[in-house]
Amino acid sequence: MSFTTVSAGRIPVLDLSPQINDDLWPAKAFVGEVVPFRATAFREGHDLIGVELVITDPTGTTSVHRMKPLAAGTDRWEAQVLLDVQGEWSWRVRGFADDFETWVHNAELKVPAGVDVELMFTIGAQLLAGAGADKARPLADRRLLSAAAKKLTDVSKTDAARLAVSADPRLHEIIGRHPVASLESHSPQRLIRVERTRAGRGSWYEFFPRSEGARKLPDGSWKSGTFRTAAKRLPAVAAMGFDVLYLPPIHPIGRAFRKGPNNTLDAGPNDPGSPWAIGSAEGGHDAIHPDLGTLADFRYFVGKAREAGLEIALDFALQASPDHPWVTEHPEWFTTLPDGTIAFAENPPKKYQDIYPINFDNDPEGIRQESLRLIRHWIAQGVRIFRVDNPHTKPLDFWEWLIGTVNAENPDIVFLAEAFTRPALLQSLAKVGFQQSYTYFTWRNTKEELEEFLTSLSTETADFLRPNLFVNTPDILTEYLQFGGPAAFTIRAALAATMAPTWGVYSGFELFEAVARPGAEEAIDNEKYEYKPRDFAAAEKSERSLALFIGILNHIRSTHPALGQLRNIRFHGSDDDAVLVFSKHLDGAFTPTGESDSIIVVANVDPHSVRETTVHLDPTAFGLPSDALFEVHDLVTGSVWTWGEHNYVRLDSFTTPVHILHVRPVSATDAASKGIPA
């Protein structure tokens with residue numbers, strides 16, 4: 001005799017979200033993120049069901065949230081919850097036959113039609129009397145339930161008066177908190193890892209400390225900037241509203257095959273080389289480049305950054321120059337070719353003769369322990385964020401082990417993956433532990449591309465992948481920026497800052513640096529290979545700087561909590577293929593003030609034009625009736641307009657290519673005073 005195992009449950013609860021790949025890894029969120037929990041639940045026939053999310057935070061506190069149905073006919077249910085405690089949360093979904101709501105539905109159909117009238121009242125009275133006898137309920141609730149039961153059986157009253165009990169809002173509130181339920185089923189338990197806020201929200205700024213304070217000497221050689229001179233730049237970075245300062249590698253740089261200006265192979269004696277060619281006689285990944293100072297100078301720099309409200313993110317590049325101590329101490333960590341030479345890094349057609357990649361197969365345990373030692377070393381110096389160079393060229397299980405080990409010891413440590421690679425690999429790096437990831441945003445510039453890409457980021461991968469929308473990097477100067485003029489920089493900054501909770505810029509972006517090295521998608525005179533001091537003050541004085549606008553963007557981000565979420569982006573229509581429209585809304589239940597926050601962004605993504613068009617909004621996306629009129633306040637220019645579903649806009653890419661609008665509902669009194677139809 002054989003038996004069939006039944007897994008469905010009496011009220012099937014299926015297709016849980018958020019979860020990753022059949023729960024191979026916990027889903028992820030950050031402190032302050034509003035997460036939609038979803039499940040598919042149904043039962044046979046026409047009786048109604050209820051669905052609840054039961055969630056327990058890391059302190060052991062359990063809360064229950066009634067889930068609401070999504071689109072009709074889908075049997076899909078949702079509850080949104082703000083996760084406010086760091087650590088591992090557990091959750092499950094409870095489905096049940098909603099006996100009270102089923103009775104209400106049936107009674108409100110049958111009693112007016114004169115069908116089974118007394119039977120319906122008797123059924124309702126029994127349900128309410130049973131609920132009133134439940135000592136787990138507060139005494140006041142029990143009394144109201146018992147009184148309602150008696151009203152249903154009071155034949156001295158009209159049928160309409162007795163039926164009115166079914167619509168009593170107090171009754172629905174009481175039973176909503178503690179449903180009259182039967183036939184319960186429970187989903188499996190799932191986990192969601194909630195990491196610190198900075199893991200999912202922040203504004204990043206990248207600079208090379210050697211360029212900050214660098215001076216060209218009379219003989220043509222250079223005096224490098226130091227951590228002490230670079231610290232003088234920190235207040236200006238903080239004044240633009242950034243909260244993370246990212247440093248490329250700060251270690252000794254090899255001399256063998258050192259790259260010269262613009263990635264040439266003929267470096268002169270005074271050329272500093274690429275910081276990613278790590279290691280020399282002065283040390284390796286745990287050492288400071290002598291030109292930058294000492295370990296004490298680095299700690300001074302970290303402390304000054306903290307005083308300015310900045311966290312330091314340090315580059316972690318697992319590779320070595322030919323001069324790195326590893327090459328002689330651990331030759332097994334590299335790939336030796338048949339001719340006896342060590343393989344250098346390549347990304348055809350690019351060649352990096354000054355860098356040896358690590359071979360993880362010869363001594364995986366040795367490489368793991370050395371990597372862990374290095375991360376621990378820099379954590380001890382005050383670093384809490386690591387930007388990881390090319391993680392997609394290293395084994396996935398290595399990162400799962402390293403990040404898991406580090407976060408078990410230090411849950412606050414954040415890893416950003418610089419992984420411009422295939423979607424499966426990029427996404428898998430996020431699944432196994434990376435808190436943030438660079439994305440393809442840099443190359444998504446048209447309205448259609450941006451809508452498709454951000455829709456995917458905010459829905460398909462939001463349970464595990466947090467995008468960091470960098471507008472440029474030392475390696476990336478897109479054609480859009482090369483040929484779009486200052487308008488292109490303005491547009492890209494506005495989009496990155498409003499589309500995702502985390503964004504970043506590389507120093508020089510605010511100065512509209514747009515000249516590329518011929519035949520390459522990177523800036524000419526690239527700072528990777530030479531010193532590049534900049535006169536930011538002179539640029540601002542001559543109005544050739546985007547610093548003020550960037551500061552406005554970061555201020556808007558800090559004062560509008562809707563922009564601190566990823567999943568709430570909603571795209572709207574326009575009659576122009578170059579005018580992108582989206583909104584972000586956060587219900588007052590999730591804001592610090594208790595007031596809802598709604599932002600609309602309208603952007604002309606063509607930096608060479610003036611566009612006039614009509615934008616078409618769905619006001620229900622920001623909590624208003626579909627036909628509502630409302631005020632929009634441009635947070636950049638200060639202009640105020642009254643808008644509705646359809647609105648004229650004019651966006652001049654040379655002056656105002658983007659509107660960032662705060663939605664303010666119009667009260668009946670205000671509408672009357674302004675002659676607006678209510």
Exercise for the section: On the 0 to 90° scale, with breaks at 30° and 60°, tag the Phe470-Tyr246 ring pair as parallel, tilted or perpendicular. Expected result: perpendicular
Exercise for the section: Check for a donor-acceptor pair, side chain of Glu513 on one end and backbone N or O of Phe509 on the other, with a separation under 3.5 Å. Expected result: no
Handout entry: Check: Tyr480/Arg444 side-chain N/O donor and acceptor closer than 3.5 Å
Key = no
Fill in the blank from the handout: Taken in chain and number order and not counting sequence neighbours, the residues that satisfy side-chain hydrogen bond (donor to acceptor under 3.5 Å, both in side chains) with Glu311 are Arg196
Practice task
Determine which pairs satisfy side chain to side chain donor-acceptor pair (under 3.5 Å) with at least one residue from residues 481-490, sequence neighbours left out, and list them in order.
Solution key: none
Problem - Over 12 foreign heavy atoms within 6.0 Å of CZ, Arg664 - result: yes
Problem - Check: Glu595 main-chain N/O paired with Thr591 side-chain donor or acceptor under 3.5 Å - result: yes
Problem - Residues Leu372, Leu402; criterion side-chain contact (heavy atoms from CB on, under 4.5 Å); working and verdict - result: CA-CA 7 Å; Leu372 181 59; Leu402 180 64; 4.1 Å; yes
Completion exercise
Residue pairs passing the salt bridge (charged side-chain N to carboxylate O under 4.0 Å, His left out) test with at least one member in residues 404-416, sequence neighbours excluded, are Arg376-Glu409
Practice task
Could you list all the salt bridge (charged side-chain N to carboxylate O under 4.0 Å, His left out) pairs where at least one residue sits in residues 471-499, not counting sequence neighbours?
Solution key: Asp475-Lys528
Practice task
Indicate, with yes or no, if the rings of Phe464 and Trp25 have centres closer together than 6.0 Å.
Solution key: no
Handout entry: Flag for Ser211-Glu527: side-chain donor and acceptor within less than 3.5 Å
Key = yes
Handout entry: Val601 and Ser583, any side-chain heavy atoms less than 4.5 Å apart
Key = no
Practice task
Assess the side chains of Asn263 and Tyr529: does a donor N or O sit below 3.5 Å from an acceptor N or O?
Solution key: yes
Handout entry: Sidechain-backbone polar pair: Ser545 side chain, Leu511 backbone, donor-acceptor under 3.5 Å
Key = no
Exercise for the section: Evaluate the criterion side-chain contact (heavy atoms from CB on, under 4.5 Å) for residue pair Gln427 and Leu429; output intermediate values, then yes/no. Expected result: CA-CA 5 Å; Gln427 293 173 19; Leu429 288 164; over 6 Å; no
Exercise for the section: Sequence neighbours left out, what passes side-chain hydrogen bond (donor to acceptor under 3.5 Å, both in side chains) with Thr294? Give chain and number order. Expected result: Asp297
Practice task
Mark yes or no for whether Gln436, through its side chain, and Asn468, through its backbone, hold a donor-acceptor pair below 3.5 Å.
Solution key: no
Practice task
Classify the side-chain pair His662/Ser598 by whether it contains a donor and acceptor separated by less than 3.5 Å.
Solution key: no
Practice task
Using the six-membered ring wherever Trp is involved, compare the ring planes of Phe415 and Phe434 and label them parallel, tilted or perpendicular (cut-offs 30° and 60°).
Solution key: perpendicular
Practice task
Determine whether more than 12 heavy atoms belonging to other residues, nucleotides or ligands lie under 6.0 Å from atom NE2 of His377.
Solution key: yes
Practice task
Give a yes or no answer on whether the side chain of Lys28 reaches the backbone of Ala430 with a donor-acceptor pair at less than 3.5 Å.
Solution key: yes
Practice task
Considering non-hydrogen atoms only, spot the tightest contact between Asn526 and Pro474 and give its length.
Solution key: ND2-O, 2.6 Å
Problem - Residues Lys532, Asp525: salt bridge by 4.0 Å N-O rule - result: no
Handout entry: Lys/Arg-Asp/Glu bridge criterion (N-O < 4.0 Å) met for Asp535, Lys541
Key = no
Practice task
May I ask you to decide if Met499's main-chain N or O and Lys584's side chain share a donor-acceptor pair within less than 3.5 Å?
Solution key: yes
Problem - Counterpart residues, ring pair (Phe, Tyr, Trp, His ring centres under 6.0 Å), relative to Phe512 (two or more places apart) - result: Phe489
Completion exercise
Residues passing the side chain to side chain contact (heavy atoms under 4.5 Å, CB included) test with Glu452, sequence neighbours excluded, are none
Exercise for the section: Tell me yes or no: between the side chains of Ser203 and Trp503, is some donor less than 3.5 Å from an acceptor? Expected result: yes
Problem - side chain to side chain donor-acceptor pair (under 3.5 Å), paired with Arg466, selected from Gln435, Glu33, Glu195 - result: Glu195
Completion exercise
Closest heavy-atom pair, Ala317 versus Ile278, reported as atoms and distance to 0.1 Å, is O-CD1, 3.7 Å
Exercise for the section: Find out whether Ile192 and Pro18 are in side-chain contact, i.e. whether some heavy atom of one side chain is under 4.5 Å from a heavy atom of the other. Expected result: yes
Practice task
Begin with the C-alpha distance, continue with both residues' side-chain angles, and end with the deciding distance and a verdict on side-chain hydrogen bond (donor to acceptor under 3.5 Å, both in side chains) for Asn568 and His585.
Solution key: CA-CA 6 Å; Asn568 62 342; His585 171 74; over 6 Å; no
Handout entry: Trp443 and Phe420 aromatic centres sub-6.0 Å
Key = yes
Problem - Residue pair Gly284 / Pro252: nearest heavy atoms and the distance that separates them - result: O-CD, 3.7 Å
Practice task
Could you verify whether a donor N or O on one side chain and an acceptor N or O on the other, from Ser609 and Arg611, lie under 3.5 Å apart?
Solution key: yes
Practice task
Determine whether Leu247 and Phe227 make a side-chain contact, defined as any pair of heavy atoms from C-beta on separated by less than 4.5 Å.
Solution key: yes
Problem - Carboxylate-amine/guanidinium proximity below 4.0 Å for Arg534 and Glu510 - result: no
Problem - Donor-acceptor contact present, side-chain Ser653 to main-chain Ala487, <3.5 Å - result: no
Fill in the blank from the handout: Sorted by chain and residue number, the salt bridge (Lys or Arg N to Asp or Glu O under 4.0 Å) partners of Asp389 (sequence neighbours excluded) come out as Arg387
Problem - Backbone N/O of Arg201 and side chain of Arg198: donor-acceptor pair under 3.5 Å - result: yes
Exercise for the section: Locate the shortest heavy-atom distance separating Leu465 from Thr439; write the atom from each residue and the value. Expected result: CD2-CG2, 4.5 Å
Handout entry: Between His285 and His251, ring centroids under 6.0 Å
Key = yes
Exercise for the section: Determine whether the aromatic ring centres of Phe298 and Trp378 lie less than 6.0 Å apart. Expected result: yes
Handout entry: Flag side-chain contact, heavy atom, 4.5 Å: Pro423 against Tyr440
Key = yes
Handout entry: Residues which pass salt bridge (Lys or Arg N to Asp or Glu O under 4.0 Å) with Glu400, listed by chain and number, not counting sequence neighbours
Key = none
Exercise for the section: Determine yes or no for a side-chain-to-main-chain donor-acceptor pair under 3.5 angstrom, with Thr637 supplying the side chain and Ser639 the backbone. Expected result: yes
Fill in the blank from the handout: In terms of heavy-atom contacts, Ala497 and Arg557 come closest through O-NH1, 2.8 Å
Exercise for the section: Give a yes or no answer on whether the side chain of Thr229 reaches the backbone of Glu212 with a donor-acceptor pair at less than 3.5 Å. Expected result: yes
Fill in the blank from the handout: Minimal heavy-atom distance between Ala308 and Ala238, with the atoms involved, is O-CB, 3.3 Å
Handout entry: Contacts of type side-chain hydrogen bond (donor to acceptor under 3.5 Å, both in side chains), residue Glu540, not counting sequence neighbours
Key = none
Problem - Ring centers of Trp399, His392 separated by less than 6.0 Å - result: no
Practice task
Apply salt bridge (Lys or Arg N to Asp or Glu O under 4.0 Å) to Arg517 and list each qualifying residue two or more places apart in sequence or on a separate chain.
Solution key: Glu522
Completion exercise
Across all chains, not counting sequence neighbours, the side-chain hydrogen bond (donor to acceptor under 3.5 Å, both in side chains) partners of His289 are none
Practice task
Quick one: do Arg567 and Asp463 satisfy salt bridge (Lys or Arg N to Asp or Glu O under 4.0 Å)? Show the steps, please.
Solution key: CA-CA 9 Å; Arg567 305 168 192 260; Asp463 293 341; 2.7 Å; yes
